[in-house]
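Structure, as structure tokens:
Ligands are counted one by one from 1 in listed order, and the atoms in each one are counted from 1 as well.
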Amino acid sequence: MTQCCINPSILSADFVNLEAELQRISNADAVHVDVMDNHFVPNLTIGLPVVQRIQAVSPVPLDAHLMIADADRWAPGFADAGLASVTFHAEASIAPIKLARELRSRGSKAGMALRPATPVEPYLDMLPELDMLLIMTVEPGFGGQAFLDITLPKIRRARAAVDGSGLGVAIQVDGGITEETITRAAEAGANVFVAGSAVYGADDPAAAIDLLRKEGSRTLRAATE
Ligand SMILES: O=C(CO)[C@H](O)[C@H](O)COP(=O)(O)O
Ligand SMILES: [Fe+2]
């Protein structure tokens with residue numbers, strides 16, 4: 001069975017108490033760190049210095065989601081910082097194959113993200129260069145949005161291509177993942193689930209992670225039976 005990973009997004013955490021907020025999700029597979037530059041998306045979050053401090057105190061590996069323009073220029077610096085995984089947007093890169101290779105050569109897993117309206121087909125040849133494909137299930141920029149069901153066929157096509165390739169590329173979904181929508185995303189073929197408001201909006205974030213993992217794993221198991 002494909003492994004089910006739950007990566008809470010700190011976008012919904014209390015930014016004044018990040019160290020304590022990270023301790024509340026120590027049962028997560030990784031922490032999803034949303035970097036926004038106010039150019040690629042109309043919102044601004046944190047940059048590399050804060051990400052490095054998060055990395056220094058985090059009980060789990062970092063999964064950076066770079067929503068930044070000119071990814072070719074800026075993404076390698078995040079790999080140099082020793083992050084487990086760095087995901088750039090295909091729409092923000094002029095040379096995505098070169099960039100993915102660069103991230104790997106600097107020791108990070110290479111992820112590439114697609115906005116909801118970006119088709120996956122032009123990028124399928126790139127699968128051997130990637131450790132993870134991120135299919136955005138909301139328009140990037142803000143937490144707390146509703147899951148876009150129109151992305152489900154794209155997730156299905158990505159899963160078929162990954163399985164057909166024999167490569168172990170993870171398929172991540174990000175945006176609007178809840179106890180309810182995780183089932184639809186997992187049925188379609190996703191296996192790494194980002195959840196911001198569903199985790200940090202819960203009274204007990206660790207229990208919310210366990211619940212999401214239970215639902216996601218159950219659906220993935222059923223899909224492979
Ligand atoms: O990349 C993102 C937004 O661009 C966030 O990771 C995502 O929205 C998570 O928040 P939520 O689970 O509340 O939708
Ligand atoms: Fe994200």
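- Counting only heavy atoms of the protein, atom 14 (O) of ligand 1 lies nearest to Gly176 N, 2.9 Å.
- At least one side-chain heavy atom of Pro76 sits less than 4.5 Å from a side-chain heavy atom of Leu99.
- A cation-pi geometry, defined here as NZ or CZ lying under 6.0 Å from the six-membered ring centre and within 45° of its normal, holds between Arg115 and Phe40.
- Listed by atom number, the atoms of ligand 1 under 4.0 Å from Pro140 heavy atoms are 4 (O).
- Near His65, meaning under 4.0 Å from any of its heavy atoms, are these atoms of ligand 1: 1 (O).
- Nearest protein heavy-atom neighbour of atom 9 (C) of ligand 1: Asp174 OD1, 3.5 Å.
- Closest to atom 4 (O) of ligand 1 among all protein heavy atoms lies Gly141 N, 2.8 Å.
- The neighbour count for Asp149 CG, taken as heavy atoms of other residues, nucleotides or ligands under 6.0 Å away, is above 12.
- Salt-bridge check for Arg184 with Glu187: failed, with every basic side-chain N at 4.0 Å or more from each acidic carboxylate O.
- Using a cutoff of 4.0 Å between basic side-chain nitrogens and carboxylate oxygens, Lys109 and Asp63 are not scored as salt-bridged.
- Ion pairing between a basic and an acidic side chain is recognised when a charged N comes within 4.0 Å of a carboxylate O; Arg213 and Asp29 show such pairing.
- What sits closest to atom 12 (O) of ligand 1 on the protein, heavy atoms only, is Gly196 N, 2.7 Å.
- Heavy-atom distances between Gly175 and ligand 1 reach below 4.0 Å in at least one pair.
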- Item | Audit row: Asp210, Asn27, side-chain hydrogen bond (donor to acceptor under 3.5 Å, both in side chains) steps and yes/no | CA-CA 8 Å; Asp210 286 341; Asn27 60 331; 3.0 Å; yes
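- Numbered from 1 in the order shown, with element, the atoms of ligand 1 that lie under 4.0 Å from a heavy atom of Gly143 read 8 (O), 10 (O), 13 (O).
- The local environment of CD in Glu19 is sparse, with at most 12 non-hydrogen atoms from other residues, nucleotides or ligands closer than 6.0 Å.
- For the Fe ion (ligand 2), protein N/O/S neighbours under 2.8 Å (waters excluded) are His32 NE2, Asp34 OD1, His65 ND1, Asp174 OD2.
- Interface of His32 with ligand 1, defined as ligand atoms under 4.0 Å from a residue heavy atom, comprises 6 (O).
- In this structure, the side chains of Met36 and Ile68 stay at 4.5 Å or more apart for every pair of heavy atoms.
- Here the protein heavy atom with the shortest distance to atom 8 (O) of ligand 1 is Phe142 O, 3.3 Å.
- Every atom of ligand 1 with a heavy atom of Ala195 under 4.0 Å away is listed here by number and element: 12 (O).
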- Query: Can Asp34 and Thr45 be said to form a side-chain hydrogen bond (donor to acceptor under 3.5 Å, both in side chains), step by step?
  - Reply: CA-CA 7 Å; Asp34 289 301; Thr45 55; over 6 Å; no
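- Residue Gly144 has at least one heavy-atom neighbour below 4.0 Å for each of these atoms of ligand 1: 11 (P), 13 (O), 14 (O).
- For atom 13 (O) of ligand 1, the nearest non-hydrogen atom of the protein is Ser197 OG, 2.5 Å.
- A 4.5 Å side-chain heavy-atom check between Ile209 and Ile25 finds at least one atom pair inside the cut-off.
- Ion pairing of Asp163 with Arg159 is present here, as a side-chain N (NZ or NE/NH1/NH2) and a carboxylate O approach within less than 4.0 Å.
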